[in-house]
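This structure is a prediction, so every number in the text was calculated from the model and none was measured. The figures that follow rest on heavy atoms only: side chains count, while hydrogens, waters and symmetry mates do not.
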Amino acid sequence: MIKGVIFDVDGVLLNSMPVWENLGELYLDHLGIEAEKNLGETLFEMSLEEAADYLISHYNLKKTVEEVVQGLNKEVEDYYAKRVPLKEGVRQYLEEFRERKIPMVIATTGDRKNAEAALSRLKVLPYFQGVFTASEIGSGKDQPDIYFAALLQLDTEPEQTWVFEDTYQALRTAKHAGFKTVAVYDKANDKNLAQIWNTADIYLPEFDDFNVFWNRVSEEEKEQLLIVE
């Protein structure tokens, strides 16, 4: 029975990868400095502090690590507030779940302010009954705490709740905790695609017609949902 849905934000609801791939270039561009080719690939696996140190040393910036981190964070905030788009097809899924009176919440390892700014601008924040962040819960998605916190809001059981995620670690955690899982493709996770495919109950290469998801749900679950309604 499907009684609740938990959505991740980055890579699932939002196509936010461009800001992380091009963060160094965006920051340097505002300083009037031309970035080296493939700078994004160099910085992608680094923490913000490591990226700041790299930019300072390679571009002779007369700034402290703290100042550069603040600048990088400002680029991220501006992108979420003004430019980040929904993934194509997401709105249809949200509307379909709402029409079926299935409550939805958000569970993200990202920043609450950035997520809410983007989702509010895109006019989808009202679809959700709550927003849960890893920093506020006190653990990342290598632990199921954030999903169990979301259950309290949804008033559901794990086996009744579908979790939409894009990373292998998050999918594995949710699956081991008893949740139903839906993997959403995001280019950032190509290296773990086989593991993602083998872990998730349902794999979505994109948010196409809602029936691609709904028809994969067992007939028994659909019948139980109709009885509840």
Evaluation steps, side-chain contact (heavy atoms from CB on, under 4.5 Å), between Phe128 and Leu94
CA-CA 9 Å; Phe128 300 99; Leu94 301 182; 3.7 Å; yes
Name the orientation class of the two ring planes belonging to Trp214 and Phe97 (parallel below 30°, tilted from 30 to 60°, perpendicular beyond 60°).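 If you compare the ring of Trp214 with that of Phe97, the planes turn out perpendicular.
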Indicate the atoms forming the closest heavy-atom contact of [X] with [Y], along with that distance.
| X | Y | answer |
| --- | --- | --- |
| Gln143 | Thr173 | C-CG2, 3.4 Å |
| Phe148 | Pro158 | CE2-CG, 4.1 Å |
| Leu154 | Pro103 | CD2-O, 3.5 Å |
| Ala174 | Tyr147 | CB-CE1, 4.0 Å |
| Ala118 | Val84 | CB-CG1, 3.5 Å |
| Ala134 | Gly140 | CB-CA, 4.1 Å |

**Verdict with supporting geometry, Leu55 and Leu72, side-chain contact (heavy atoms from CB on, under 4.5 Å)** = CA-CA 11 Å; Leu55 292 172; Leu72 293 171; 4.2 Å; yes
Verdict with reasoning, His30 to Leu26, per side-chain contact (heavy atoms from CB on, under 4.5 Å): CA-CA 7 Å; His30 277 171; Leu26 292 169; over 6 Å; no
Distance check, rounded to the nearest 0.5 Å: [X] atom [atom1] versus [Y] atom [atom2]?
| X | Y | atom1 | atom2 | value |
| --- | --- | --- | --- | --- |
| Thr156 | Ile2 | OG1 | CD1 | 11.5 Å |
| Glu77 | Gln70 | CD | CD | 10.0 Å |
| Lys3 | Glu159 | NZ | CD | 10.0 Å |
| Leu171 | His176 | CG | NE2 | 10.5 Å |
| Leu119 | Asn114 | CG | CG | 10.5 Å |
| Arg98 | Tyr127 | CZ | OH | 4.0 Å |

Check: Can you tell if the side chain of Glu136 reaches within under 4.5 Å of the side chain of Ile146, non-hydrogen atoms only?
Finding: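 Glu136 vs Ile146: side chains apart.
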Taking the side chain as C-beta and beyond, is there a heavy-atom pair between Phe207 and Arg91 under 4.5 Å?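 Phe207 vs Arg91: side chains apart.
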Side chain of [X], backbone of [Y]: donor and acceptor closer than 3.5 Å?
| X | Y | result |
| --- | --- | --- |
| Asn38 | Glu41 | no |
| Arg112 | Ser135 | no |
| Arg172 | Thr199 | no |
| Ser57 | Tyr54 | yes |

Is there a path of hydrophobic side-chain contacts, each under 4.5 Å between heavy atoms of I/L/V/M/F/W/Y residues, joining [Y] to [X]?
| X | Y | result |
| --- | --- | --- |
| Val68 | Leu28 | yes |
| Val131 | Ile137 | no |
| Val163 | Phe210 | no |
| Leu39 | Val65 | yes |
| Val69 | Leu31 | yes |

Pairing residues for [X] by the side chain to side chain contact (heavy atoms under 4.5 Å, CB included) criterion, not counting sequence neighbours:
| X | result |
| --- | --- |
| Thr64 | Glu66, Glu67 |
| Asp201 | Trp162, Lys175, Lys180, Thr181 |
| Asp208 | Tyr93, Glu206, Val212 |

TODO: I would like to know whether Leu23 and Leu43 meet side-chain contact (heavy atoms from CB on, under 4.5 Å); could you show each step before the answer?
DONE: CA-CA 8 Å; Leu23 184 55; Leu43 301 183; over 6 Å; no
With sequence neighbours left out, write down each residue that passes ring pair (Phe, Tyr, Trp, His ring centres under 6.0 Å) with Tyr27, or none if nothing qualifies.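 Per chain and number, Tyr27 pairs via ring pair (Phe, Tyr, Trp, His ring centres under 6.0 Å) with no residue.
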### Message
Counting only heavy atoms from other residues, nucleotides and ligands, does the tally under 6.0 Å from CD of Glu50 exceed 12?
### Response
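Above 12, so yes.
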Worksheet item: Counting only heavy atoms not in Asp155, do more than 12 fall under 6.0 Å of its CG?
Response: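 Not more than 12 within 6.0 Å, no.
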What side-chain donor-acceptor pairs closer than 3.5 Å can you find for residues 182-194, not counting sequence neighbours?
residue: Tyr185; atom: OH; partner: Asp190; partner atom: OD1; Å: 2.7
residue: Tyr185; atom: OH; partner: Asp190; partner atom: OD2; Å: 3.3
residue: Asp186; atom: OD1; partner: Lys87; partner atom: NZ; Å: 2.9
residue: Asp186; atom: OD2; partner: Ala188; partner atom: N; Å: 3.4
residue: Asn189; atom: ND2; partner: Asp166; partner atom: O; Å: 2.9
residue: Asn189; atom: ND2; partner: Asp166; partner atom: OD2; Å: 2.9
residue: Asn192; atom: ND2; partner: Gln195; partner atom: OE1; Å: 2.9

Per-pair distances, 0.1 Å, donor-acceptor, side chain in residues 4-19, under 3.5 Å, sequence neighbours excluded:
residue: Asp8; atom: OD1; partner: Lys141; partner atom: NZ; Å: 3.0
residue: Asp10; atom: OD1; partner: Ser16; partner atom: OG; Å: 2.7
residue: Asp10; atom: OD1; partner: Tyr80; partner atom: OH; Å: 2.4

